[in-house]
Amino acid sequence: MSITETVELANGVKMPRLGFGVWKVDDKEVIDPVKWALQAGYRAIDTAKAYGNEAGVGQAIKESGIKREDLFITSKLWNADQGYDATIEAFEASLKRLGIDYLDLYLIHWPVAQKFKDTWRAFEQLYQDGKIRAIGVCNFQEHHLKELIADADIVPMVNQIELHPHLTQEPLRKFCRDHKIVVEAWSPLGNGQMLSDPELKKIADKYGKSVAQVIIKWDLQNGIVTIPKSVHKERILENADVFDFKLSEEDMLAISGMNKDERTGPDPDNFNF
C-alpha cells in the first residue's frame, strides 16, 4: 500500500484511503497545513461549510499547482441548510468558496430528522446533474441509513463516522459493508485522546512507530478510509508515513478489542440540531 492507494465506491469512483482533515482550523490558518499535506502526497482533503475554512482550502489548492482532477475534495452540508432548495443553494455556495466547479464527494453532515430525506433528493439531483462525483452521509446510525435507503434512488456511497479504538462501531461497519457503503473515520485519533493510551503505546513501540501511525494503520488494514488532522508539518508528514510496516493479526485484534463505545464527539441520536 501507499498514499496513492484508493478504494472503489459503489459507483466506480476511486477515493483515496488516506486523506487530510481540517476540522477546527480557521480560514487563514488552514492554507499552509493543506499545502504541506499536498506536498507530502495526500490527495484527499476533507472540509465542510461548518468548519468555516472552505475558502482557505480553496486557496491552498490553487496555490499548490496540483491539477484539479488529481485531487479528491469532500465538503459537507450543514444542518441549517437542509431541505431540498436550501441544499442546492448551500452546495453552490460551497463550490464558490472553494473556487472549484465540482465536488468529488458531498456529505450530509448530520441526520436532521424530518429533513434528511428531502436533502437526499437534492443530493441525488446534484449527482445526476454531474456536479458531484459521489454522495454520502456523516454520522448516520443504522436506523438513519435504513430510513434513508427505504425511499432513495441512490444508496449513500460513504458514511463518515466517529471511529477510533475506543469506538470501533463494528455493527454499523457491518451494515455499511452489506450495503456497499464505504466507512470513513473522522477523529481517528479520538480527538487526540488515544495518543496517551498505554496499550497502544506498547504496540507502537514494538514497530518503532508512533501511536498515531499505529491507529492510522489499523484503520487502513480494516478497510476504513481515514482522515487524520493536524496543523503541524512534522505530524502531517508522520501521519502519511504508514506504508513501510504491517500490524500483525494479533495486534489488529488487540486494538479492536479496546472498544468502549466511548465517543469524543456528539451522539447522532442526542445532538442539538
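The structure displayed is predicted, hence computed values, not measured ones.
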With sequence neighbours excluded, residues passing side chain to side chain donor-acceptor pair (under 3.5 Å) with Asp26 | none

Residue list, side chain to side chain donor-acceptor pair (under 3.5 Å) with Lys229, at least two apart or on another chain | none

Just distance, no hydrogens or angles: give the donor-acceptor pairs under 3.5 Å from side chains in residues 189-200, sequence neighbours left out.
from: Asp197; atom 1: OD1; to: Glu199; atom 2: N; distance (Å): 2.9
from: Asp197; atom 1: OD1; to: Leu200; atom 2: N; distance (Å): 3.0
from: Asp197; atom 1: OD2; to: His166; atom 2: NE2; distance (Å): 3.3

Can you name the closest pair of heavy atoms from His144 and Asn139 and give their distance?
-> ND1-O, 4.2 Å

What one should report as the nearest heavy-atom pair of Val25 and Asn53 is O-ND2, 2.7 Å

Test applied, ring pair (Phe, Tyr, Trp, His ring centres under 6.0 Å); reference residue, Phe91; option that passes from Tyr84, Tyr106, Tyr102 = Tyr106

Only distances under 3.5 Å count here; give the side-chain donor-acceptor pairs of residues 175-182 to other protein atoms, sequence neighbours excluded, each with its distance to 0.1 Å.
from: Asp178; atom 1: OD2; to: Lys174; atom 2: NZ; distance (Å): 2.8
from: His179; atom 1: ND1; to: Phe175; atom 2: O; distance (Å): 2.9

Assess the side chains of Ser94 and Glu54: does a donor N or O sit below 3.5 Å from an acceptor N or O?
-> yes

So, Asp27 versus Gln59: side-chain donor-acceptor pair below 3.5 Å or not?
-> no

Would you check, one step at a time, whether the test salt bridge (Lys or Arg N to Asp or Glu O under 4.0 Å) holds for Asp101 with Arg68?
-> CA-CA 10 Å; Asp101 54 11; Arg68 172 67 186 94; 5.4 Å; no

Those residues that, when tested against Ala152, pass side chain to side chain contact (heavy atoms under 4.5 Å, CB included) (two or more places apart) | Trp120, Glu124

Return the set of residues passing side chain to side chain contact (heavy atoms under 4.5 Å, CB included) with Ala185 (not counting sequence neighbours), or none when no residue passes.
-> Leu163, Pro188, Asp219, Ile224, Thr226

Scan for salt bridge (charged side-chain N to carboxylate O under 4.0 Å, His left out) pairs involving residues 255-264, sequence neighbours excluded, and state none if there are none.
-> none

Which pairs pass salt bridge (charged side-chain N to carboxylate O under 4.0 Å, His left out) with one or both residues in residues 135-159, sequence neighbours excluded?
-> Lys117-Asp151, Glu142-Lys146

ring-ring contact (aromatic ring centres under 6.0 Å, His included) partners of [X], counting only residues at least two apart:
{"X": "Phe20", "value": "Tyr42"}
{"X": "Phe245", "value": "Tyr207"}
{"X": "Phe72", "value": "none"}

Are Leu145 and Phe271 connected, step by step, through hydrophobic side chains (Ile, Leu, Val, Met, Phe, Trp, Tyr) whose heavy atoms are closer than 4.5 Å?
-> no

Heavy atoms, side chains only, cut-off 4.5 Å: are Asn11 and Arg133 in contact?
-> no

May I ask you to test the Thr47-Thr74 pair for a side-chain heavy-atom distance under 4.5 Å?
-> no

Mind checking what makes salt bridge (Lys or Arg N to Asp or Glu O under 4.0 Å) contact with Arg235, not counting sequence neighbours?
-> none

